[in-house]
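See below for the structure under consideration.
In the text below, chain A, chain B and the rest are named by the order of the sequence lines, each starting its count at 1.
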2 protein chains.
Amino acid sequence: MKKKPATIKEIARKLRISPSTVSRALNDHPSIGLVTTMRVKKMAEELNYEPNQTAIFFKQRKTFTIGVILPSLSEPFFSSAISEIEDVAKDHNYMVLMGQSHDDADRELQILQTFKKHRVDGILISLGKNTEDLSFIELLEESEIPVVFFDCVPNIDQVNKVYSDLSSGMKEAIEAFASIGHRRIALINGPENLLATQERETAYKAALTENNLEYNDKYIVHTDLTEQGNIEATEKLLALPERPSAVISFNDFVTLDVMKYARQKGLVQKKDVYFISYANYPLWKYMENPPMGSIEQYPDKQARKAAEILFENLEAKDPIEPKTVVFESKLVLK
Amino acid sequence: MKKKPATIKEIARKLRISPSTVSRALNDHPSIGLVTTMRVKKMAEELNYEPNQTAIFFKQRKTFTIGVILPSLSEPFFSSAISEIEDVAKDHNYMVLMGQSHDDADRELQILQTFKKHRVDGILISLGKNTEDLSFIELLEESEIPVVFFDCVPNIDQVNKVYSDLSSGMKEAIEAFASIGHRRIALINGPENLLATQERETAYKAALTENNLEYNDKYIVHTDLTEQGNIEATEKLLALPERPSAVISFNDFVTLDVMKYARQKGLVQKKDVYFISYANYPLWKYMENPPMGSIEQYPDKQARKAAEILFENLEAKDPIEPKTVVFESKLVLK
DNA sequence: TTGTAAGCGTTATCAT
DNA sequence: ATGATAACGCTTACAA
């Protein structure tokens with residue numbers, strides 16, 4: 001026994017007035033008499049009337065929904081980002097459609113297409129680590145859906161993007177190490193094809209130079225970010241004749257593996273070796289022996305800004321020039 | 001210069017055929033000739049036609065969207081839950097609207113209403129810790145939106161629910177402690193008003209009895225789950241004349257604080273005191289000195305099952321009897 | 001095999 | 001102050 005939700009027509013029929021009057025009354029249109037308005041509202045109440053938003057979405061060509069694509073919510077970085085996004089969306093009376101790419105470019109594209117099908121009003125996206133084909137951006141431009149990239153952003157102009165400048169934190173990290181006497185500072189970097197990897201490398205070299213430290217390519221190793229890869233990278237460093245005394249790694253997860261492995265090899269942290277990494281893991285405070293510091297990238301600030309830019313676009317009458325916002329990363333000592 | 005998306009009408013006009021033929025051709029309706037079908041598809045391609053889903057949603061009274069409400073994505077438990085849900089949804093060609101209650105009953109209700117407004121086809125919800133007013137359930141029943149509760153479920157019949165039986169894990173934990181000689185086993189429980197707290201307490205007492213251990217109410221303390229609360233609870237236990245040698249806590253986050261505090265007080269883990277807690281933190285493997293074990297509740301299994309039940313309901317012709325599925329919690333030693 | 005027309009629920013325009 | 005009508009884009013009886 002399905003009882004369909006009440007409609008404006010029904011209210012109109014019961015009240016023997018026209019649907020348009022009902023519509024206006026419900027929207028407190030000034031031209032409708034107080035009495036009528038009251039009668040309509042009362043009847044709406046009685047019938048448990050709820051406007052059919054799908055009809056409204058359809059008519060208004062707007063869904064009050066934004067789509068968010070990010071690699072994985074299991075990374076604290078992104079779960080904290082999406083929380084901010086949800087809050088901003090809520091303030092604008094929008095809902096959030098969510099999709100995880102799991103760093104899979106195909107899946108990313110598929111989510112994007114589904115978002116488009118669902119006619120989201122705007123899109124926030126943090127690209128997956130393997131996304132290389134950026135042609136979808138043109139597609140989005142054609143369909144005039146505003147897009148803001150954050151965190152992992154495409155290396156092109158004329159798009160909205162919010163990201164973190166990795167070099168400021170790298171500089172602080174190397175300064176911090178240098179100031180307590182380290183001269184052999186290694187970098188455990190990520191997969192070589194990643195922009196994020198290249199940025200770290202550039203920043204690393206620049207910061208060494210600024211601190212009058214010699215660059216030695218033996219001190220840069222790479223990991224594919226798996227546990228196995230992290231361990232292999234560590235082994236390479238440990239095998240060096242002049243072992244590094246300080247290590248900066250791609251992210252906290254890498255450092256966790258590296259620290260564990262180094263511990264097994266009998267190395268004592270903050271004595272034999274010091275660690276700093278790009279932050280994506282907020283629970284160091286519980287560790288008995290945390291690394292020396294983390295380079296923070298402030299996912300919440302990035303995400304909020306990205307969402308705000310998106311809503312500026314959504315609420316603007318005329319197209320807005322693409323914006324780029326960069327937040328400095330910052331070393332935070334533990 | 002806005003170019004509106006192409007519509008079926010446009011294709012029809014250009015091809016000088018009727019919109020219905022176009023519609024049928026696009027949907028591979030068997031009655032339409034192959035030639036026509038081809039011509040239509042070609043033209044659709046040329047015009048970059050994309051069906052306006054909002055119109056389809058409206059007409060079909062379906063949005064192919066499910067809403068998921070959960071307390072907070074920052075808890076690994078829930079981020080892993082929502083990943084499963086997203087995967088199941090994807091298999092059914094559904095999208096996921098996401099809302100975090102942050103354990104705030106008002107916000108929970110508000111999200112629920114927005115979901116209803118957006119006409120989601122179904123809802124998955126893990127109740128917040130403070131939700132006491134369950135009257136919204138009737139509202140949902142009236143609007144005939146299928147709902148499946150998971151993890152934190154209401155204590156009523158005639159609803160779909162999937163949750164974890166806390167007592168099996170508690171039993172295993174106490175057995176594990178008893179088998180290595182512990183006789184003074186404490187419970188650091190959560191806020192007293194929570195169902196989850198009451199369940200733990202009941203299970204704790206039952207398990208003690210089963211293992212011929214004496215129950216002493218001094219060994220149950222409560223925390224409000226803040227760091228401060230966790231520490232105070234620990235202090236109470238440490239102040240006891242006969243200090244417990246083993247501690248089961250409400251969840252891993254509590255244990256993290258407790259372990260840290262105990263360490264500061266000079267207690268050595270797995271010598272002076274042993275820990276087990278309900279799992280919500282998957283990164284113990286990186287710890288130098290993890291607790292003895294965690295009681296797993298398998299968020300992924302719960303969430304998947306809940307989603308599957310939801311889709312059964314969504315795809316069923318006739319109403320389905322409410323289902324209850326219980327997974328046993330399990331002690332996993334580290 | 002294809003076309004015609006009605007309808008989904010709402011709102012905006014134009015009349016009265 | 002209120003009503004009639006059309007329109008949003010699509011699907012689907014029913015007709016031809």
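- Taking the six-membered ring where the residue is Trp, F78(A) and F150(A) present perpendicular rings, their angle passing 60° and hence far from 30°.
- The side-chain ring of F58(B) is not stacked on the base of dC10(D), judged by centre separation under 5.5 angstrom and plane angle under 30 degrees.
- One finds a salt bridge joining E86(B) and R107(A) here, because a Lys/Arg side-chain nitrogen approaches an Asp/Glu carboxylate oxygen to under 4.0 Å.
- Residue I17(B) places its side chain closer to dG3(C) than to any other of dG3(C), dT10(C), dA4(D).
- For DNA chain C, the residues of residues 21-34 of chain A within the heavy-atom distance limit of 4.0 Å (strictly under) are S23(A), R24(A), N27(A), sorted by number.
- A salt bridge between K41(B) and E46(B) is absent, with no side-chain N of the basic residue lying under 4.0 Å from a carboxylate O of the acidic one.
- E138(B) CD: 12 or fewer foreign heavy atoms inside a 6.0 Å radius.
- Listed nucleotides dT4(C), dC8(C), dA4(D) differ in distance to S20(A); the shortest reach to its side chain belongs to dA4(D).
- Side chains of H102(A) and E108(A): a donor-acceptor N/O pair is absent below 3.5 angstrom, by distance only.
- Rounded to whole Å, the distance from CZ on R16(A) to P on dT2(D) is 17 Å.
- To the nearest angstrom, P of dG3(D) lies 13 Å from CD1 of I8(A).
- The CZ-C1' distance, from R13(B) to dT4(C), rounds to 18 Å in whole Å.
- Residue K59(B) places its side chain closer to dG7(C) than to any other of dC8(C), dT10(C), dG7(C).
- Whole-Å rounding puts the Q60(A) CD to dC8(D) C1' distance at 11 Å.
- Rounded to whole angstrom, the span from the CZ atom of R119(B) across to the C1' atom of dT10(C) amounts to 12 Å.
- With D300(A) contributing its side chain and E84(A) its backbone, the two residues share no donor-acceptor pair below 3.5 Å.
- Checked against dG9(C), dT2(D), dC10(D), the side chain of A55(B) finds its nearest nucleotide in dC10(D).
- Between K9(A) and dC8(C) there is a side-chain N or O to OP1 or OP2 distance below 4.0 Å.
- Here dC10(D) presents its P atom at 18 Å from CZ of R61(B), a figure rounded to the nearest Å.
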